[in-house]
Amino acid sequence: MHQPTPRTTAAPRLYAGVDIGGTKVAVCLARAGEGGDPPAILTRVAAPTVKSGPVDALAQQVLALLQQACAEQQVQRADLAGVGVSSCGPFVRRAGAIEVANPNICGGLAGSGGGPQSNDWTQVPLQAPLAQALAGVPLRIANDAVAALEAERRWGALGGVQDCAYVTWSTGVGVGLCVDGRVLAGKNGNAGHAGHSFVGDVPGHMGAAAPLCGCGNRGDVESLAGGGSLADWLGQDAPTLLAAAQQGDPEALARVQLLCTLMGRLLYNLVATLDLARISLGGSVFLHHQALLLPLLRRELARHFAALTRGVELVPAGLGHDVGDYAALALLPSR
Ligand SMILES: [Zn+2]
């Protein structure tokens with residue numbers, strides 16, 4: 001029987017991955033991987049996250065970077081097979097379309113301790129201007145930790161695990177969740193913002209002295225354990241503290257133990273709430289010091305309710321430091 005074989009000589013179409021963070025925006029173009037391999041990244045362009053100008057400046061920056069990446073690969077934006085966007089949150093919706101209300105980007109958010117002073121934005125449009133400019137190219141937007149979870153499930157340490165989480169311990173603390181094989185999104189795509197949950201009192205540091213999170217909370221887990229918060233309340237930034245602990249400094253070790261107690265409570269809360277089997281850990285704080293941190297976190301998790309925590313695996317992100325690159329691409333179908 002005759003099978004038409006159109007476009008057999010055409011090159012495979014490219015996918016775009018957009019990674020929006022509080023400090024930089026990165027765009028890559030990639031070709032789908034062979035078999036179960038991750039995509040092959042062909043081009044990467046990046047710029048500091050724009051924080052001034054009209055309120056759609058961020059969306060315009062994304063489009064300009066997409067244009068630049070497409071020019072490097074000599075393809076048209078309209079010919080892309082899809083655009084995945086992995087963005088810092090939280091998200092809010094305007095007329096159903098995702099907008100970003102992140103305190104590191106929006107200077108008008110109340111409670112932001114060190115937010116940008118260069119704008120008074122409370123939320124910036126994302127989905128609507130991108131969808132309009134991309135005119136029919138498939139577009140999918142997700143929170144960065146949720147996107148990283150999808151990357152870990154497809155190409156990393158969470159393959160075949162129905163009940164799992166990805167936890168990033170970086171400047172902030174983010175979580176992506178999967179239960180019964182379904183990645184959780186929530187009403188605005190904010191499921192997994194557990195970095196802004198509370199994990200209990202820290203003796204001598206709570207009450208009036210508890211550190212202020214960019215979200216407006218005092219003493220939530222991101223404000224206590226996030227790498228961006230340590231200098232304020234411990235007087236040492238994350239690299240300095242962790243390097244001292246790694247060299248055996250007893251005071252630094254005690255502080256790192258305290259951070260792992262707090263992060264361990266977060267991990268336990270996730271396991272107890274969702275009956276998880278495996279959690280993959282990433283983020284710069286964790287990945288740079290995993291030899292020190294992983295055993296401490298495993299011990300903390302195992303200290304709590306054995307009926308729920310026995311057998312739960314804590315593992316380093318299978319994609320390691322590249323998980324951010326692949327997160328946005330994981331939001332798209334592979335062909
Ligand atoms: Zn917070």
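Counting convention: from 1, in listed order, for ligands and their atoms alike.
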Open item on the list: Check this for me, if you would: do Lys24 and Asp19 make a salt bridge, where the nitrogen-to-carboxylate-oxygen distance has to be below 4.0 angstrom?
Closed with: no
Task: side chain to side chain contact (heavy atoms under 4.5 Å, CB included), paired with Leu241, selected from Leu230, Val285, Asp249 - done: Leu230
Task: Close side-chain approach of Asp180 and Gln162, heavy atoms under 4.5 Å - done: no
Task: Where the Zn ion (ligand 1) is the vertex, angle from Cys215 SG to Cys213 SG to 10° - done: 110°
Open item on the list: Tell me if a side-chain donor or acceptor on Asp237 pairs with a main-chain N or O of Ala231 at a distance below 3.5 Å.
Closed with: no
Open item on the list: For the Zn ion (ligand 1), give me the closest N/O/S atom belonging to His196, just the atom name.
Closed with: ND1
- [ ] Restricting to N/O/S, name the atom of Asp220 that gets closest to the Zn ion (ligand 1).
- [x] OD2
